[in-house]
Every structure is written in structure tokens, then in C-alpha cells.
Number of protein chains: 2
Amino acid sequence: MSYYDRLKQIFHDAALSSDIAGILHWDMSTMMPKNSRENRADQLAYLSKVRHELISSKQVGDLINKAKDEQLDNDNKANLREMEREYIMSSSLPSHLVEKLSIASAKCEGVWEEARKKSDFKTVLPFLEELVMLTKEESLILSEKLNCSSYDALINKFEPQANEKDIKIIFDNLEKFLTPLIDQIIEKQKNEEMLPINNLMSQEQQKEIGLFLMQKIGFDFTRGRLDTSQHPFCGGAYQDIRITTRYNEKDPFSSLEGIMHETGHAMYELNLPSKWKYQPAGQSRGMAMHESQSLLIEMQITRSKAFKKFLSGVLKNNFNFIEACWNTDNIYKIGTRVNKSYIRVESDEVTYPLHVILRFNLEQKIFNDNINLRDIPELWNQEYKRLFAKEVDKDSNGCLQDVHWYAGLFGYFPTYSLGALAAAQLASQVRKDINNLDQQIEKGNFNELTKWLKLNIHTKASLYSSNEILQQVTNSELNAKYFMDYIKNRYL
Amino acid sequence: MSYYDRLKQIFHDAALSSDIAGILHWDMSTMMPKNSRENRADQLAYLSKVRHELISSKQVGDLINKAKDEQLDNDNKANLREMEREYIMSSSLPSHLVEKLSIASAKCEGVWEEARKKSDFKTVLPFLEELVMLTKEESLILSEKLNCSSYDALINKFEPQANEKDIKIIFDNLEKFLTPLIDQIIEKQKNEEMLPINNLMSQEQQKEIGLFLMQKIGFDFTRGRLDTSQHPFCGGAYQDIRITTRYNEKDPFSSLEGIMHETGHAMYELNLPSKWKYQPAGQSRGMAMHESQSLLIEMQITRSKAFKKFLSGVLKNNFNFIEACWNTDNIYKIGTRVNKSYIRVESDEVTYPLHVILRFNLEQKIFNDNINLRDIPELWNQEYKRLFAKEVDKDSNGCLQDVHWYAGLFGYFPTYSLGALAAAQLASQVRKDINNLDQQIEKGNFNELTKWLKLNIHTKASLYSSNEILQQVTNSELNAKYFMDYIKNRYL
């Protein structure tokens, strides 16, 4: 057996341990009895340990070096490159640090839940300080191994090869573009009449419609499910993809668009190439590419006029929602309404990037400028005012709103907007490659679209970098102009 | 760290891997999309491998020998004894044999499903031959290690310390007692009027009543669930016990008594001592003791007149089933009706042991007398005729009815009836220790009963052998006379 084949066996086992953890996580959020939490934590910690021992051993490092001298084709070279990436990420960190980080983030997240309820940053501050201190230790170690800045090292955990400098250029342009535009759009929309949704829609009906739409998009229910959880997600295991949503009877679009978003993630996972099953090169590319798939479906497609025409027909003909508020134009207006929200997850696609830019700017201050963390609320509010020309009323609507930092997820936020930009770039290409896409969507026919995504994105898995994939598909690396054109086109 | 403490850490990890497999098995039977089966098999095989590598290494054998010289109290000695038992069972078998057995049983089970549908033993015969050949190899290796007969080694996989010779004496007596008695009971019941259940009871109603009864018995829903599956079972993980049932709208008692049966299993698991969490001594005792807990609840309690009085009241007052067929006397008659069924799982508690004796006798022929497996249908039918004085009409009602042999589970069947005998013995003691048990049950008060079971059985886990536990609680090792007395008392 070659050195490379021995590595394949090790990473095969590591992938299975991740898959198993994926099912346990799904179960924990959807099915698990509440007092089984402690034992589930034991199970997950054990699986992490097993996985860590598998891929971070000195033996794996030696095998990788020896395998580099073996004859491999390009795809297998890519797989070896991804193995090395996982090995470096995993082996660099001493296990006592990994354990401390895991305990500190679990603690901090628990305190944050209470702190957010009371809008009281001070209670969570000492826990955040501990967590940031450990994260800095982590980022320092990783930055040396990856030969990049500390903050870059954190971003790389979620999106390989992305970096602060490039993101900053993109985000600065985006900010300059969006801030004046948002006021313009809000002013324009003021004069548009929009009927409120008066009917309540039951959870059962929302679920039925959601399942109907998933089926239309091509979600394979023999290899996946839809369930309910407090925070929507796409999880599960290889060939067993489980998405979740939550229902609000007064706001059916929140669950329906949420389901479409997660379906976009799910289609990516379900279409990964079976040839690379359980191998690093067979995993989905980073979080930005993943988010591009969910946002392409949710924003580019589900919020398009063509889709709303299809949806309005479905609501009328299949589910008997016949009032005027369910008309195509009206539900299109609802889906494209722009608002200066305090809350990121409640915001529209136009203001959303500003929410991300705010967090990106603050993360830079935390990891590059070593600010005192007690200043976070003030810095947040200054930054919000700068971006939105509006005062934050309380910290629960400000720096306490998202779990990410309090769960130790620094460097994650930028991937949301990188994903939105990539989605617009890909959608622009799709519309070139499929002439009559809108007519197809109006009829609820998503075959050509999903075939295109499968061929151009999903089956490429991690064989190439995100930018290589974009280059292959759109003849350009990531470029914000597609997003800007799309926003102007839809909203002006 | 002492040698023994190192062993505790290893068996702690092994227990977690079993727990994780328990959740994956539950998910596979209740939630998993159907085309995820192959990947789930990969995950389970991986967990088996991890567990096998953990507890069957030479290092574990050495640690056990060294730990025997360390100072341990009786409970820790018992834990070490159970560790050694698991080590011997696991380390004795070469991994290629374990793998072959796993593949052969998966294959054979698949073919059996089809063979049963067509009542065609011949199609499954070659697969059964392969599986029995491998099982004989397994039993030979284990019998040398355990210093017992081949068939005893198989029985020991499910019920430690049980043996063929003792079981044969018990079963021979039981057969002599039951065969004349069954005709007598059937003759007697012929003259009793019994109203059929005319109402259909919806799945939702059955589930609601089932949940109500589980709660009454004391099932802790913060550490467990009830779901639906094709074959009812009790599974899950430590502090996360999940039972299942199936519903038949025409026969509500089938699901209700099934739920009570699984609740008996679940209470055992939920009450295991937290002091011995994740340790071999903290596991439930063998399958016979487990079955004693499910049968005590299902047969001794749920089918008693006192319980039927309580249930009839619940059906009338809480669920509005007011027709005469739901009266105490009538539902008691339904629950104690004796019939010569072909099918073990549809049979009553009086004829049930004969079904088990039939299988026990045939397993002895297979493993002691090396019969030609093609003669199984004929031998089965002869044995059925001898025991029930009735001809088997087709093999799907005969030797093809149970999955056990075709899944490689030889030596398992006897534990069902050993469990029934233990249940009667324990119930006899409970009625001595709790004077007014029936009055409590009539009122739906199960507190004293469940406290008694927790104290006398559940919390003893595997710290003692089954017979030691019976001796401590009832002043006698397993003795069939309690079962015989109970049957005469209830049915004559």
C-alpha cells in the first residue's frame, strides 16, 4: 500500500467520525431529550478526540511528506493538499489548548444567553476575555504554521485562502456603494403600496408548502429530511442531509425562505462527488462557497419576481390562499423590502453586508489592535451609527445579538458576505448560460438550474480553491461588481 | 495512575462508542432516510472497529492481569471481572472472523426477508449454512476461552453464566407442566364470553394513551422518548433511552402492551447507578434479567386484573371509550386469552415458553448434533407438532418466522423464557414486600413498585450475577416454580 493510500484510509475514518458527530448534532437540536445534554457532550468530546488523534499524529505528518514524492494525478494531489491543510489545522494546536477553548466557549455561550436576555454585556465580559485570550493563542500558533496574520489564520478556519487584506478592499468598496444606496432605496420604497399578510399560516401548512418547494427544487428525500429546531441549520452526514427550520404563524416567509436557504446548502452536500466519498477533496469547499449556494437559492431565486409568480400560483391553487396580499407583486415587495434593522438575521440582502462589515471591522480591532474588550459595546454602537446613521438602543440589539463571538467563532462573519458576492457572480453566469431561466422558474422548473449548479460547483467539491472554481465558471475571481449590479437592478 | 484506573479510562471510551452506536441504531430505525443505509452501515462498522481495537488489545489483557494484584474493593473487583469478560469475548475472535460474520449475517438477513415473504426456505439455506459455519467457528474459539461447550459459549454472549444443562432441566420441567395445562386452559376459556373490540383506535389516540401510561409508570421524558418503528425496541444511550412501538388501529392492546414492555426495559436502563457510569459493572445485567424487567411490567402488572381496572377507568374517563368491550373484565379476558399460535411474537404468556423450547431444542441439534441444515423445516414442524399437537401450515409460519437465526443470533432465544421465569419469581417477592400492591395499581400508583425494582434490581447493574441478584432479593436462585404457580393462579 502506498503512503498516500494509507493516508486515504486514515482520512476515511476521520470523515466517518465527523459524519457520526453530524448525526449526533442534528439529533441534539431536533430530537434529544433535554436532560441527555451532558452525556451527549461526552459522546461528542469523545468523537473529537478520536478524530484529533487520527489526523494529527506524527505518523500522518510523515506520511504526507512521503506521499508528496509519490506519483499522483492532479485530483489526488488536490486531495493530498486538503489532507495537509487538515493535518496542519489539527496538529498545530496542543490538546490542552483545544480542550480549554472548548470549555471556555461552552461556558461563555451559556452566560451569553442570559446576558443577551438582560442586555447586560458586563456579565459576559470576563468569559469573553478568557475566550479571546485563548483564541489569540490559537491564532498565533496557526498564523505561524500558515504563514499569515493572526486574524487571517482565524478566517482560514472557515474559508481557506481568504485573507483580511483582500476582504478589506472588497468590503470598503461595498460599504461606499451601499450606504448612499440604502437611503435611496428606502425613500423609493416608501411610496410603494404593500399589503400586510393578514392570514395566519399554521406550522403544518408552512411545512407542507416548504416540503413542496424542496421537492420542486430537487431535494432528494430518500437521502435527507426536514425538521424543526430553534436555530435553522443544514447538517447530518454524507448522503444523509438534514435541514431544519422554525415556524412563525404570523410570518410564513421567514420559514419558507429559511427552508429555501437550507435547501441550497443541502443540494451542495447531496451532490458532492461519490468518487471522493469520505476524502478531504470530496468535502464542500469553505463556508463562503457554501453560503453562495444557500444565498443563490434564497436571494437570487426565491426572492425573484419569477419565483414569486410561481409561489403565488402554488399558494392560490394548491393551498387556497386567494387574498390579494398573496399576489405576485405583493409578495415580491415583501421579499425585497429594505429596512435598517438592528438585527443581522432579520435584515434584507441590501443592508446585510453592512452588518457583516461592522463585525469584520471589530474583529480586526480585537485581533490586530488589541483593544480592551470592555469597549466593545461602545465601538459597536459607533460603528453601527457610522454605517446606518442610527443609534443602537440597547446591547441586546447590538453587540450581544449573535452567538458567534461568544461561541469562539471569530473570523466566520466575513464568509456570509463573501458568499453573497459569489452568489451574485454565479447567478449572473447562470442567467447567461440558461437563456430562459426566469420562464422556467415561473413554471416551477428548476432542473436546468440545479444541473448547472451540480456540474459547475457541487461536484467540484474541494478539488479546487473557491477562486479557482469562480475563475473556471465565470472567467473571473471573486468580484463585487456582480453583486452591485444585481442590487441596483433589483432595487432601483 | 493505577493499572485499574487506566482500564477504567479505556472502558469508559468503549462505553461511549457503544452509546453513540445506540443513537445511530435508533435513528436508523426511526428517522433515517431510506437511501442513507449504506453510509450508516459504514459509520456503525467504524464504531465497531474503534470499540474492538479499544478493548481487545494485548495492552488491555496485560493491564487486567496487573490490576488483579491491586487493592480493590468488592464493587471494583466486580467491575474488573466484567472488564475481563468483555476483553475475552472481544479479543478471542480474529478480526477477519468478526468481519466475515458481520457480512454473512447482513447478507443472510436480507435474503431471509424475501424468503419469509415467499415462505421459501431453500433460497435462504446456503446463506444460513455459511452463517452457521462461521458461528460454529466463533463458538469453538469462545468455548475454549470460556471453558464451556460451544452452545454454552453462544448463550453466554447474551446471558453470562447461563448454561445449556441447567436450562435444559428447567425447560423440560416447564414443558411437562405446560403442555397438558394449555389444553385445560383453552377448554376453560371456550365457555367464557368475551366481547370483541369494535372501535378502531387511531394511532394518535394509542400514542396519547401510551404516553400517559409511561408517565404513570414513572418514565422520565427528560431522559427518553417514544417513537414508531417497524420492530419495537428499547435503545439509545446512557441517560437517553428511546423506546419504540408500532400501531395497529384494530388492536390497540398490541401497542399499549408493547409500550409497557419496552417501558420495563427502559426503567432498568434509566435507573442504572450513576456511580458506575460508562463502566462495565454499570451496564444492565444480561438479556434474561433485562427481559425479566420488561415482562414483569408487561405480564405481571399490565395484564393483571388490578391494572385492567385502572386502564378501563383511564379509557372511559380520559379518552371516552365507554362501550362494554372496554370494561375491566373484558379487557382482562382479552389480555389473558390463550391460543396455540404459530407465531411466537403473537403468542400469549402461557404458550410462549413452548415456542422458546422449540428453538432451544433445535439450536442444540445444530450446535451439538451437527444436523444438516436443510432438515430444519422438517425438524421444526415435528417439534411444533410434538409441543402443540398441531401441524405447521407453511415455513413462513414455522422456521422462517423469526429473524434471529438469519441474523446470526444463536443462543439468544432461551433468555426470553429465563426472563419470564425471573419476572414471576421477582413479582412473587414484590407482592410479599408490598402488601397492597394491587390496590395501588388499581389507582394507577406505581411508585412503590418502581422504587422496589430500582433498589433491588436496577441499581445493582452488573455488580452481581443474575443468580446472585435473585438470591439476594428472593432468597433463591432462578426457580421455575414461581412461574408455574403464577400461571396456575391466573389461568385455572
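Just so we're clear, the structure is a prediction, and the values are computed from it rather than from any experiment. All chains are named by letter (A, B, ...) in the order of the sequence lines, taking the proteins before the strands, and each is independently numbered beginning at 1. Computation of the quantities below employed the complete heavy-atom set of this structure, encompassing side-chain atoms and omitting hydrogens, waters and symmetry-equivalent molecules.
- Closest approach of A:K277 to B:E38, counting heavy atoms only: NZ-OE2, 3.8 Å.
- Contact of A:D27 with chain B is made through the side chain alone, with heavy-atom distances under 4.5 Å.
- Scanning all heavy atoms of the two residues, the minimum distance from A:R223 to B:S36 falls at CA-OG, 4.0 Å.
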Residues B:Q239, A:N35; criterion side chain to side chain contact (heavy atoms under 4.5 Å, CB included); working and verdict: CA-CA 8 Å; B:Q239 298 293 325; A:N35 288 345; over 6 Å; no

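- The two residues B:R242 and A:M32 come nearest to each other via the heavy atoms NH2-CA, 3.5 Å.
- In this structure, chain A has no heavy atom under 4.5 Å from any part of B:I241.
- Side chains of B:K34 and A:F221 form no contact here, defined as non-hydrogen atoms less than 4.5 Å apart.
- Nearest heavy atoms, A:T222 versus B:P33: O-CB, 3.2 Å.
- No other option in A:D13, A:D227, A:D220, A:V50 has as many heavy-atom pairs under 4.5 Å with chain B as A:D13.
- Remark: A:E99 CD is loosely packed, at most 12 non-hydrogen atoms of other residues, nucleotides or ligands lying under 6.0 Å away.
- Between atom CD1 of residue A:I23 and atom CD1 of residue B:I23 there is a gap of 11.5 Å, rounded to the nearest 0.5 Å.
- Side-chain polar atoms of B:Y238 and A:D42 form no donor-acceptor pair below 3.5 angstrom.
- Neither the backbone nor the side chain of B:R37 comes within contact range of chain A, judged by heavy atoms closer than 4.5 Å.
- Residue A:Y3 qualifies as open at atom OH: its count of foreign heavy atoms under 6.0 Å is 12 or below.
- Counting heavy-atom pairs under 4.5 Å between each of A:I20, A:D19, A:L44 and chain B puts A:I20 at the top.
- The structure places CE of B:M31 at 12.5 Å from CG of A:D240, a figure rounded to the nearest 0.5 Å.
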